[in-house]
Amino acid sequence: MKILTWNINSVRLRAPLVIKAIQALAPDIVCLQETKCPDPQFPEKIFRDAGYEHAHFTGMKGYNGVAILSRVPFHTVDKWDRFGKADCRHAAVEVISPKFKKPVQIHNLYIPAGGDIPDVNVNEKFAHKLGFVDEMGKFFADTYTRTDPIVVVGDFNIAPLVNDVWSHKQLLDVVSHTPIEVEKLTAMQNSIGWVDAIRHFTPEPEKVYTWWSYRNKDWKASNRGRRLDHIWVTPPLKDHLKGYKILSDARDWTQPSDHVPVMIELDL
DNA sequence: ATGGTAGGTACCCTA
């Protein structure tokens, strides 16, 4: 089973690029973030016509929004409001796997970016981000155990490791790579023993990026990337990891997202 | 030290 995650920054604008990524990678399940689309306007048909007839999404006007599209049947698990806000950042489904006795859940997550200033006293968006990550860790610990087969994917907006950013030293005070964010994300990861599936294949100190800012003249030449998008699995799935792909080419497509598609293949 | 770009929306917010 192939699971793709991509922050596409407007699903209505970039649905054709999602189709292009689907044609390149042939995922079974596609998890999108930043759909920026209220549910009644979600472009379901274009994905249905491409073979992804199952969909679970939660969106709102202008901001945020997550969607799960699938060519295999799933059961909807739920969608959640997080940290007291109805901001459409978390949804989950479950699929039946012949390898496991119980269903495998897939969680799609869009963690808040957190604003520019890494100080909770002057920046409420940063406080929201840290609180959101705390709440996710508590949710996983309260709802599951580390023996449940679960996948969580999404734009976590945090690059936790030294080589998840182009310059560890220069980004220590930049939101996405500050020590407090890394501490919170690590606590969330430890909640039920999440395994970082991308680093399973490309351990430190190899540089791995999934996002390059729009504000760089030449993203490829400057290569000031960050690994903000993640795929984690619980311990029972670790031995079933078969491969991964980061489609960096997509950063060069016409009208690109600033994030690129990240995919994991699991033997389920 | 600063400002750079993008999308959605409505004249500004978030990323």
Side-chain angles (χ1 to χ4, degrees), chain A residues 5-21 31-43 46 57-67 81-90 108-120 122-133 153-160 164-167 169-178 180-181 184-185 209-230 248-262:
Chain A
T5 178
W6 195 11
N7 177 321
I8 33 88
N9 186 16
S10 173
V11 71
R12 281 173 287 183
L13 185 70
R14 277 188 258 277
L17 290 192
V18 176
I19 299 298
K20 192 171 173 178
C31 296
L32 304 175
Q33 303 87 35
E34 269 206 277
T35 54
K36 294 184 172 176
C37 182
D39 292 346
Q41 279 121 271
F42 192 91
I46 183 169
F57 46 80
T58 174
M60 60 192 283
K61 189 170 154 183
Y63 307 104
N64 313 324
V66 291
D81 292 334
R82 290 272 159 231
F83 208 62
K85 293 173 191 266
D87 56 2
C88 307
R89 294 174 179 275
H90 182 198
N108 185 9
L109 209 52
Y110 176 45
I111 292 177
D116 287 331
I117 305 164
D119 181 344
V120 295
V122 296
N123 175 10
E124 63 182 27
K125 290 204 280 272
F126 195 64
H128 177 213
K129 181 179 199 174
L130 298 185
F132 189 105
V133 176
V153 310
D155 176 4
F156 293 2
N157 268 312
I158 299 172
D164 289 342
V165 293
W166 62 276
S167 169
K169 224 174 163 178
Q170 285 175 259
L171 288 172
L172 273 171
D173 283 327
V174 174
V175 171
S176 73
H177 193 63
T178 64
I180 183 69
E181 290 170 272
K184 298 286 187 188
L185 191 70
Y209 309 140
T210 66
W211 173 90
W212 291 262
S213 172
Y214 282 127
R215 297 176 190 174
N216 264 314
K217 261 204 184 88
D218 185 336
W219 73 275
K220 202 182 271 179
S222 55
N223 197 24
R224 296 186 165 189
R226 304 178 201 170
R227 189 171 72 105
L228 303 180
D229 303 274
H230 299 272
S248 308
D249 290 356
R251 189 62 182 77
D252 263 341
W253 292 350
T254 305
Q255 268 201 307
S257 168
D258 46 355
H259 296 253
V260 297
V262 179

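Chain letters run A, B, ... following the sequence lines, proteins first, then strands; residues in each count from 1. Quick caveat: nothing in here was measured; it's all calculated off a predicted structure.
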task = Using atom CG of A:L13 as one end and atom P of B:dG7 as the other, report the distance to the nearest whole Å.
result = 6 Å

inquiry  = Pick the closest DNA chain B nucleotide for A:G114 and for A:N9 by heavy atoms, then say which residue is nearer the 5' end.
reply    = A:N9

task = Sort out the partner of B:dG7 for me: Watson-Crick or G-U wobble, both distances under 3.5 Å, none otherwise.
result = B:dC13

ask   = To the nearest angstrom, how far is A:Q33 atom CD from B:dT14 atom P?
value = 20 Å

Within-4.5 Å side-chain heavy-atom neighbours: A:F126 and A:I117 = no

query = Does OP1 or OP2 of B:dT5 have a side-chain N or O of A:R251 closer than 4.0 Å?
reply = no

query = Would you say a side-chain N or O of A:Q255 is under 4.0 Å from OP1 or OP2 of B:dG7?
reply = yes

ask   = Looking for any heavy atom pair under 4.0 Å, which part of the strands does A:K61 touch: base, sugar-phosphate only, or nothing?
value = sugar-phosphate

inquiry  = Suppose you measure atom C1' in B:dC13 against the same atom in B:dT9; what distance do you get, rounded to whole Å?
reply    = 9 Å

remark   = Between CZ of A:R89 and C1' of B:dA15 the distance, given in whole Å, is 10 Å

key: Any side-chain donor near an acceptor of the partner, A:W6 and A:D229, under 3.5 Å   = no

inquiry  = Rounding to an integer number of Å, can you tell me how far A:W6 CH2 sits from B:dA15 C1'?
reply    = 17 Å

task = Could you please spell out the steps behind the side-chain contact (heavy atoms from CB on, under 4.5 Å) verdict for A:N9 and A:Y214?
result = CA-CA 12 Å; A:N9 186 16; A:Y214 282 127; 3.4 Å; yes

Short side-chain N/O contact to B:dG8 OP1/OP2 from A:R12, under 4.0 Å = no

Gap between atoms CD and C1', on A:E124 and B:dT14 respectively (whole Å) = 13 Å

query = Looking at A:K217, does any N or O in its side chain come under 4.0 Å of the phosphate oxygens OP1/OP2 on B:dG4?
reply = no

message = Which residue is it: A:N64, A:D155, A:T5? I am looking for the one with a side-chain hydrogen bond (donor to acceptor under 3.5 Å, both in side chains) to A:Q33.
response = A:T5

ask   = Taking the P atom of each, how far is B:dT14 from B:dA10, in whole Å?
value = 14 Å

task = Could you check how far CD of A:E34 sits from C1' of B:dG8, rounded to whole Å?
result = 11 Å

C1' spacing across the pair B:dG3 / B:dA15, given as an integer number of angstrom = 15 Å

key: Nucleotide nearest A:A113 when distance is taken to its side chain, options B:dG8, B:dA15, B:dA6   = B:dA15

query = Could you give the CG-to-P distance, from A:N216 to B:dT5, as a whole number of Å?
reply = 11 Å

ask   = A:Y214 or A:G115: which one's nearest nucleotide on DNA chain B is closer to the 5' end?
value = A:Y214

Distance in angstrom units between A:N64 CG and B:dT14 C1', rounded = 9 Å

ask   = Does NZ or CZ of A:R224 fall inside the cone over A:W166's six-membered ring, less than 6.0 Å from its centre and within 45° of the axis?
value = yes

request  = Report yes or no: is there a donor-acceptor pair, N or O only, under 3.5 Å between the side chain of A:R215 and the base of B:dA15?
outcome  = yes

A:D116 and A:V175, any side-chain heavy atoms less than 4.5 Å apart = no

query = With a non-hydrogen cut-off below 4.0 angstrom, is A:R224 in contact with a base, only sugar-phosphate, or nothing?
reply = nothing

